[in-house]
Amino acid sequence: MSEETKSLNFIEHIIEEDLANGLSKDKLRFRFPPEPNGYLHIGHTKAIGISFGLGEKYNAPVNLRFDDTNPAKEEQEYVDAIKKDVAWLGYQWENELYSSDYFQQLYDWAVQLIKDGKAYVDSQSSEAMAEQKGTPTQPGVDGPYRNRSVEENLDLFERMKNGEFEEGAHILRAKIDMQHPNMLMRDPIMYRVLKKHHHRTGNDWCIYPMYDWTHGESDYIEQVSHSLCSLEFKPHRELYNWFKEHIYNYASDMLPMLPKQREFARLNLSYTIMSKRKLLKLVEEGIVSGWDDPRMPTISGLRRRGYTPNSIRKFIEKVGVAKRENVIDVSLLEFCIREDLNKTANRVMAVLDPIKVVITNYPEDKEEWLEAENNQEDDSAGYRKVPFSREVYIERDDFKEEAGNKYFRLKLGGEVRLKNAYIIKANDVVKDQNGAILEVHCTYDEDTSKKVKGTLHWVSIKHAIIAEIREYDRLFSHESPDSDKDKDFMEFINPKSLTIKTGYLEPSLATVEVGEQFQFQRLGYFNVDDDSTPEKLVFNKTVGLRDSWAKQKPKPQNNQNQNKAKPQQQKRSAISVIQQFGKKYTNLSEEKQLKVKSEIQELAKDVSYDDLEPLFGTAVKKAGTRIAVLIALKELLKNGLERNDAINEFIEKAKADKNEVLVAEASEI
RNA sequence: UGGCCUAUGGUGUAACUGGCUAACACAUCUGUUUUUGGUACAGAAGAGUCUAGGUUCGAAACCUAGUAGGCCAACCA
């Protein structure tokens, strides 16, 4: 592998630094801590890839820990789905753990905190507490129960645990600082009364610990060295540290490692959403068929769609890790799956929008089984036979009565190759009363050695088998559906995200199994959907092939988000071209500088003083721009421009500059 | 009326931690090859690093201020 020079991301830098500062490599330990309240999506894959990737890189253990502290939302179904998805991605966890395993330890530590005066029971309504908490811009105030005695706190807390109080009657809070600028430090809640059945602890507990208290201490119990999470937890770090430093006093002999929380920017994918809550809404409202609908950005959806673990891991690798908000273009994901499938998927022929071709000089009852290569990218893939006969389907798009010479496909009087078969020539069309084409009549030529521009895929009509083909488009029409301030993401739903077609397939596909993947030649990659049966085949389109022909056609309306720079370039004024030259000027060889200089002089004829003056203020460090401006200015002066104070000042400043070229130009005046 | 974080081609990430003409990938555009308008290969265009100051022989990197964006007021995680 050529990994030696691969640059590190900021988390790897931190780890390398810790290692350099004496952290022993065998102390490295990571964790992936999902809450089992929904399915994993492509965004989680980034978190999974970071922590498990680090585990692989440093040969360190990675725990799969379910953060199951809220029995109201969490279910075993999600635990199972999450385990399945992580394993499918190809990662191995060291231990399968649950925060709920630590409930007793957490409780004991909470009691110690109470004894040390670091936690207290509050008995107000949530409204009252919210009011005392202040706002991000206003400090909070202490509540009336803040200074209860240790004995009273201990008594109440124990009775909370014993189920003596109803939900909402009391909570346990850490005693930190109600005026703290970080709202999370304003006496955060540690425990609430919740008389709910927990998927693992059953009815053992009537109180459940909150995230901040549980998560950090779970890391600490597991002796995680680096606890990696997404950016929105950055403000929690202060509290994470507060808890861990206090608990360290109680347990440092058994648990010497203090975990370090660090935060990275989560993944956003264009034209989709990542919020579990919003994805759930799509499921509940029937916009999609379920969490594993192939249009969903969930791991199960991507799997069903035909994405491979390999392609997803590659994608995560390419996306990188940093701290700024980002929106990844789906085209990168598509690139990754194409790259993978190109090497592994067998090629087959299928026609999804058929038009009938009759080969008039081919005998009516003749049929031939022709040899076809399965995958030219894989020598071990072998060959198969495909049947040919007098009547075949080709794609409706692949025929035009008349077309220009940039159209390589079949047109009247033109020749085209049928993949793996003969070269045919179109002679005639048969139409119905409305002028719609029913048949194309062709003649074939046994000589296949001829050079023809186009090659089409096809299927023999009498041998064709039928399948349902599901084609998908993006789920949302907006690049970033949940970032619009005025509109709800539901307003951007693309009503045409699913198209169902009937496909005509070569007969070798009669025996496919669920999950098998193919390239339908010239169309894209398809896999056999979970719904497929031998009686009724169902295929999903995973992704289309790159199509540089399709791109040609819609030229004028190619107004997307691409290449905003281009329109600017079309009408570039002389002054902007001069600026452009200026930017590069100091980097050019002397010879090229002369050439550019004369071009600037030429351009200067179209420049007015008003264009030039604003550039006198160009920053000192942009010497090139100032040189270009100076050259242009000299031309204007030569052509009769009167000198003024601004000009003089600019020239004097140039003479005093550090850049020799600039000084030389200025001195020539 | 506060705190914290971020800012590098269209997008995402780099830049050996202050030192060569700011690199790589995707996207875009050209060619070549091709029984897939795919793949592969070759090449092009596109950023002086948000702005303004400063420190320095030297700044994308350090400092100050500004601007823009994000996060923070759930008994959620």
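These values consider heavy atoms only, across backbone and side chains, with no hydrogens, waters or symmetry-generated copies. None of the values given here were measured: they were computed from a predicted structure. Throughout, protein chains are lettered first and strands after them, A, B, ... in sequence-line order, and every chain is numbered starting at 1.
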Across the strands shown, which category fits [X] at heavy-atom distances under 4.0 angstrom: base, sugar-phosphate, nothing?
X      : value
A/S548 : sugar-phosphate
A/I171 : base
A/E325 : sugar-phosphate
A/E35  : sugar-phosphate
A/F408 : base
A/Q124 : base
A/A130 : nothing
A/S270 : nothing
A/N70  : sugar-phosphate
A/R347 : base
A/E263 : nothing
A/H236 : base
A/L231 : nothing
A/R546 : sugar-phosphate

Ring of A/Y211 versus six-membered ring of B/rA77: centres under 5.5 Å and planes under 30°?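 No; centroid distance or tilt outside limits.
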Do A/E334 and A/R546 meet the salt-bridge criterion of a basic N to acidic O distance under 4.0 Å?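 A/E334 and A/R546: not salt-bridged.
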Paired with [N] by Watson-Crick or G-U wobble geometry, both distances under 3.5 Å: which nucleotide is it?
N      : answer
B/rA45 : none
B/rU11 : B/rA25
B/rU51 : B/rA65
B/rC4  : B/rG70
B/rU56 : none

Separation of the [atom1] atoms in [N] and [M], to the nearest angstrom:
N      : M      : atom1 : answer
B/rG10 : B/rA47 : C1'   : 11 Å
B/rU39 : B/rU34 : C1'   : 9 Å
B/rC5  : B/rA23 : C1'   : 26 Å

Does the side chain of [X] get closer than 4.0 angstrom to OP1 or OP2 of [N] through an N or O atom?
X      : N      : value
A/R338 : B/rA40 : no
A/H13  : B/rA15 : yes
A/T135 : B/rC72 : no
A/R192 : B/rA74 : no
A/K451 : B/rU35 : yes
A/K323 : B/rU6  : yes

Could A/K46 and A/F264 be counted as a cation-pi pair, given that NZ or CZ must be under 6.0 Å from the ring centre and within 45° of the axis?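 The answer is no; the distance or angle limit is not met.
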For A/Y208, does the six-membered ring have the charged nitrogen or CZ of A/K196 within the cation-pi criterion, i.e. under 6.0 angstrom from the centroid and within 45° of the normal?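 Pair A/K196/A/Y208 does not count as cation-pi.
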N-glycosidic conformation, B/rG53 - syn within 90 degrees of 0, else anti: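 The base of B/rG53 is oriented anti (glycosidic angle more than 90° from 0).
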Pick one for B/rU17: is it syn, with its angle within 90° of 0, or anti?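 Syn, since the glycosidic angle lies within 90° of 0.
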Side chain to side chain donor-acceptor pair (under 3.5 Å) partner of A/R384, the single match among A/E506, A/E371, A/E373: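 Exactly one option meets the side chain to side chain donor-acceptor pair (under 3.5 Å) with A/R384, and it is A/E506.
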Mark yes or no for a side-chain to base donor-acceptor pair under 3.5 Å between A/Q519 and B/rU36, with no hydrogen or angle criteria applied.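 Such a pair is found, so the answer is yes.
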Which residue lies toward the 5' end of RNA chain B, A/E232 or A/I189, if each is placed at its nearest nucleotide?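 On the 5' side of the pair lies A/E232.
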Select from A/V327 and A/Y191 the residue whose nearest nucleotide in RNA chain B is closer to the 5' end of that strand.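 Nearest nucleotide further toward 5': that of A/V327.
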Can you identify which nucleotide, out of B/rA14, B/rA27, B/rU35, has its nearest atom closest to the A/T448 side chain?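 Among the listed nucleotides, the one closest to the side chain of A/T448 is B/rU35.
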Pairing donors with acceptors under 3.5 angstrom, does anything connect the side chains of A/H215 and A/R31?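 Indeed, the side chains of A/H215 and A/R31 share at least one donor-acceptor pair under 3.5 Å.
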Would you please say whether a donor-acceptor pair under 3.5 Å links the side chains of A/E75 and A/H199?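 Per modelled atom types, A/E75 and A/H199 side chains form no pair under 3.5 Å.
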Starting at CG of A/D397, measure out to CG of A/L523 and round the result to the nearest 0.5 Å.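 One finds 10.0 Å between CG of A/D397 and CG of A/L523.
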